[in-house]
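Inspection log for the structure reproduced underneath, given as structure tokens.
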Number of protein chains: 2
Amino acid sequence: MISKACKYGIRATIFVASKQEEGIKLNIKDIAREVDAPEAFTAKILQVLNKNRIITSLKGPYGGFYIEDYQLEQPVINIVNAIDGMSVFQECGLGLKQCSATHPCPMHDQYKIARDALLDAFQNTTIGQLAEQVNEGGSYIKNLHY
Amino acid sequence: MISKACKYGIRATIFVASKQEEGIKLNIKDIAREVDAPEAFTAKILQVLNKNRIITSLKGPYGGFYIEDYQLEQPVINIVNAIDGMSVFQECGLGLKQCSATHPCPMHDQYKIARDALLDAFQNTTIGQLAEQVNEGGSYIKNLHY
DNA sequence: TTCATAAAGGATAATTTTATCCTTTATGAA
DNA sequence: TTCATAAAGGATAAAATTATCCTTTATGAA
Ligand code: FES
Ligand code: FES
């Protein structure tokens, strides 16, 4: 569906966003631990998220990752786009090189419905909304301990 | 979304199904060529589809792959299940180890809608229906030549 | 200015997925 | 029975994804 890297990236971003009000900066170690993701890999991902202005980072002591107000308004699809690109939302469900209504695969109609629902989910949800949900305690970005 | 292997498998199965009425058996070479898939890899995939009774094969001269009547009635999800398993339809969209309504990730509700639409698409479409569409000329399992 | 700190960046490794090649087994016609 | 044929199976290889480690760069406090 979407890559592991992308999922780590979304969870990490939500975590950073959820701490925005506290005005603190978070370091990779804490972020990775909080979202159950491998530390070094998460570092790479946060790097590209920073480059794509999904989150902001500052080097050095008292540095770390944080999110700015305007960044909270970004739809989650921006994260997906930064890491995986937009192809999931455009690809043919049966792997034809081009998804098109004029040369459709036999599952085109049904598949497109699902794919568009996915697009809709990522497009019409902002990072801020997700962070808020987490802060309200109704949902989680960390696995249940088992 | 679903693996390349799975997509090759679905296209190959549809092709075999679309030739059922002709009562002929198809060999790997022809199938792979028709669906634009690598031959040896396709062979491996057809092997597991045969083991899972999605299609039927016969060795030796005059042998090949074909599909039986009852197999045309199978939903496409059976192919996905045979090759990729059912996890796409159950996994958390943000990568939590468990997708659950009681410990949901913040995208659970939106994501579940898309995931269920996908499930629906694969569950409520049979191999026979897809083959029929192809035979009627309204859709394709081969790439447009470019 | 020095120094400890934290992200950025580069190199590399491990794993998974995709892909190829070659040998073995089954099948049926001659 | 022999023989050519086609799938099954086993062993590898190539590519992509996931993951780790180490060095470099930026930053700000002391
Ligand atoms: S052509 Fe296959 S999904 Fe559109
Ligand atoms: S918990 Fe994430 S999709 Fe259900």
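Values below: every heavy atom of this structure, side chains too, minus hydrogens, waters and symmetry copies. In what follows, every chain begins at residue 1, and chains take the letters A, B, ... in the order their sequences are listed.
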Find the distance [X]:[atom1] to [N]:[atom2] and express it as a whole number of Å.
| X | N | atom1 | atom2 | result |
| --- | --- | --- | --- | --- |
| B:F41 | D:dA14 | CZ | C1' | 12 Å |
| B:E39 | C:dC21 | CD | P | 10 Å |
| B:L58 | C:dG28 | CG | P | 5 Å |
| B:I45 | C:dT18 | CD1 | P | 8 Å |
| A:N50 | C:dA6 | CG | P | 17 Å |
| A:M1 | D:dT17 | CE | P | 17 Å |
| B:I28 | C:dC21 | CD1 | C1' | 13 Å |
| B:K59 | D:dA7 | NZ | P | 11 Å |

Does [N] have its OP1 or OP2 closer than 4.0 Å to a side-chain nitrogen or oxygen of [X]?
| X | N | result |
| --- | --- | --- |
| A:Y8 | D:dA19 | yes |
| A:Q47 | C:dA7 | no |
| A:S57 | C:dA6 | no |
| B:N27 | D:dT5 | no |
| B:K51 | D:dG9 | yes |

Search all heavy atoms of [X] against all heavy atoms of [Y] and return the closest pair with its distance.
| X | Y | value |
| --- | --- | --- |
| A:I2 | B:G93 | CD1-O, 3.8 Å |
| B:V48 | B:A82 | CG2-O, 3.9 Å |
| A:I28 | A:F65 | CG1-CE1, 3.4 Å |

Out of [options], which has the shortest distance to the side chain of [X]?
| X | options | answer |
| --- | --- | --- |
| A:A40 | D:dT20, D:dA8, C:dA29 | D:dT20 |
| A:A5 | D:dG9, C:dT27, D:dT18 | D:dT18 |
| A:F65 | D:dG9, D:dC21, C:dA8 | C:dA8 |
| A:P38 | C:dG28, D:dG9, D:dT20 | D:dT20 |
| A:P61 | D:dG28, C:dA7, D:dA8 | D:dG28 |
| A:Y62 | D:dA29, C:dA6, C:dT25 | D:dA29 |

Across all strands, who's sitting opposite [N] as a Watson-Crick or G-U wobble pair, both distances under 3.5 Å?
| N | value |
| --- | --- |
| D:dT23 | C:dA8 |
| C:dA30 | D:dT1 |
| C:dA14 | D:dT17 |

- Message: Let's test your reading of the model: under 3.5 Å, does the base of C:dG10 pair with the side chain of A:K44 as donor and acceptor?
- Response: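 Looking at the base of C:dG10, it does pair with a donor or acceptor on the side chain of A:K44 (distance under 3.5 Å).
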- Message: I'd like to know if A:K4 reaches the base of D:dT18 with its side chain, counting only an N/O donor and acceptor under 3.5 Å.
- Response: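 Answer is no: no donor-acceptor pair is held.
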- Message: Over all strands shown, is A:L26 touching base, sugar-phosphate only, or nothing at heavy-atom distances under 4.0 angstrom?
- Response: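 Sugar-phosphate contact only - A:L26 comes under 4.0 Å of backbone atoms but never of a base.
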- Task: Answer with base, sugar-phosphate or nothing: what part of the nucleic acid does A:L46 contact at a heavy-atom distance below 4.0 Å?
- Result: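 No contact.
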- Task: Spell out, as yes or no, whether a donor-acceptor pair under 3.5 Å connects the side chain of A:N135 to the backbone of A:S18.
- Result: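 Yes, because the side chain of A:N135 sits within donor-acceptor range (under 3.5 Å) of the backbone of A:S18.
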- Query: Just by distance, do the side chain of A:E73 and the backbone of A:T126 share a donor-acceptor pair under 3.5 Å?
  - Reply: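 Between the backbone of A:T126 and the side chain of A:E73 there is no qualifying donor-acceptor contact (under 3.5 Å).
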- Regarding A:Q20 and A:D69, is there a side-chain donor-to-acceptor distance under 3.5 Å anywhere?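 Yes.
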